[in-house]
Structures are given as C-alpha cells and as structure tokens.
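Computed from a predicted structure; not experimentally measured. Along the sequence shown, residues carry numbers from 1.
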Amino acid sequence: SMDDFVIYLKSEYLDAVYLQQDAYDPVDGATTAERQKRVFDVLWRILKTEMNFSDKDQARRFFHSLTQITKDWNRVEIDKPEFVELQNRLETMVREAKGSAKSLSQG
C-alpha cells in the first residue's frame, strides 16, 4: 500500500541522513550534543508527519529531494544562517507533502 511504501521511504531517509554520518565532513563527522538534539527533533517531527502522494514515483522523488537537502543541512554549522534556511526549507517541503499550511507539530 502507499502507507507502507511511505513508511519504507521514511526508514530509508532516517538511515541516510541520521544514522550514517559523513566521517569525512568536519561538521557531520563529529557533532555536538546540542546539534544532535536539534536535528533529531526536526527529523522526529518529519517522521511523524502523515504525508500524501499521488503515486509511488512522486513519493520517491520527494524523499530523494528531502534526503539531499537534509544531507546539505548536516554539513552546515549550527550557528550559520544557512542552517536555519535549510531547516525551514525541509519543514516547508514536509508541510507541502502533508497538504497543510500549518507548521509541523512539536513533540
């Protein structure tokens, strides 16, 4: 089913952007506890969000883009403006996939 497929894509996403860190990148290779918490909170909200796609190809394309942007986000220092910009871009993408204009819920 589409719901099962989205769960699968979410698991691949989590593995690619959080569980597998880039050891060769100075930022992603060794992150602070503060950054780990902040990133995990955002990822947790993304994973909890119900998303709607017209077909599996659209879902694949969405998660491919989401993965790439998140990997870019992982390489930016937390105190840089680009960090917030990329986080906002991720959250906007997820809101659009959800089909809602409201922010990702906290918790």
Side-chain angles (χ1 to χ4, degrees):
S1 72
M2 181 61 83
D3 289 340
D4 290 339
F5 188 63
V6 170
I7 290 170
Y8 165 75
L9 291 172
K10 285 180 177 182
S11 70
E12 291 284 307
Y13 169 72
L14 179 63
D15 181 51
V17 303
Y18 191 75
L19 299 177
Q20 296 183 30
Q21 290 178 285
D22 182 352
Y24 297 103
D25 184 83
V27 175
D28 195 32
T31 61
T32 64
E34 173 192 2
R35 182 191 177 92
Q36 288 278 340
K37 181 178 178 348
R38 184 160 170 190
V39 168
F40 187 79
D41 286 346
V42 171
L43 295 179
W44 180 249
R45 287 180 298 191
I46 289 171
L47 295 172
K48 288 180 25 178
T49 300
E50 184 176 325
M51 299 177 194
N52 302 304
F53 302 101
S54 60
D55 57 39
K56 289 181 179 180
D57 287 336
Q58 182 190 28
R60 265 190 222 95
R61 284 189 304 272
F62 171 81
F63 277 97
H64 177 77
S65 294
L66 192 71
T67 297
Q68 187 56 56
I69 293 167
T70 306
K71 285 182 176 185
D72 293 343
W73 185 49
N74 286 343
R75 293 179 178 100
V76 177
E77 294 179 26
I78 195 170
D79 59 346
K80 302 289 183 190
E82 187 181 2
F83 184 87
V84 174
E85 292 168 13
L86 287 168
Q87 180 178 337
N88 289 339
R89 188 169 170 198
L90 291 169
E91 291 175 340
T92 298
M93 287 178 67
V94 173
R95 276 194 307 272
E96 290 170 358
K98 182 180 178 180
S100 171
K102 71 180 194 177
S103 299
L104 294 172
S105 62
Q106 297 289 329

Minimum heavy-atom distance [X]-[Y], with the two atoms named:
X: Ile69; Y: Met93; value: CD1-SD, 3.3 Å
X: Lys80; Y: Val76; value: CB-CG1, 3.9 Å
X: Asn74; Y: Arg35; value: O-NH2, 3.0 Å
X: Lys56; Y: Met2; value: N-CE, 3.4 Å
X: Glu91; Y: Val42; value: OE2-CG2, 4.2 Å
X: Phe83; Y: Glu77; value: CB-O, 3.4 Å

When rounded to the nearest 0.5 angstrom, what is the spacing between [atom1] in [X] and [atom2] in [Y]?
X: Gln87; Y: Ile78; atom1: CD; atom2: CD1; value: 8.5 Å
X: Met51; Y: Ile7; atom1: CE; atom2: CD1; value: 11.5 Å
X: Leu90; Y: Trp73; atom1: CG; atom2: CH2; value: 6.0 Å
X: Leu47; Y: Tyr13; atom1: CG; atom2: OH; value: 7.0 Å
X: Leu14; Y: Trp44; atom1: CG; atom2: CH2; value: 9.5 Å

field: Joint hydrophobic cluster, Val94 plus Val84, side-chain heavy atoms closer than 4.5 Å
entry: no
field: Lys10 side-chain N/O to Lys48 backbone N/O, donor-acceptor pair under 3.5 Å
entry: no
- request: Please examine the side chains of Gln58 and Asp55, heavy atoms only from C-beta on, and report whether any two atoms are closer than 4.5 Å.
  value: yes
query: What do the steps show when you test Leu43 against Thr70 for side chain to side chain contact (heavy atoms under 4.5 Å, CB included), and what is the final call?
result: CA-CA 9 Å; Leu43 295 179; Thr70 306; 4.2 Å; yes
query: Excluding sequence neighbours, so at least two apart, what forms salt bridge (Lys or Arg N to Asp or Glu O under 4.0 Å) with Asp57?
result: Arg60
task: Flag yes if more than 12 heavy atoms outside Phe5 fall under 6.0 Å of its CZ atom; otherwise flag no.
output: yes
message: Heavy-atom count check: over 12 atoms from other residues, nucleotides or ligands less than 6.0 Å from Glu82 CD?
response: no
query: Looking at Arg45 and Asp41, does any basic side-chain N land under 4.0 Å from a carboxylate oxygen?
result: no
message: Could you tell me if Arg95 and Thr92 have a donor-acceptor pair between their side chains, going purely by distance under 3.5 Å?
response: yes
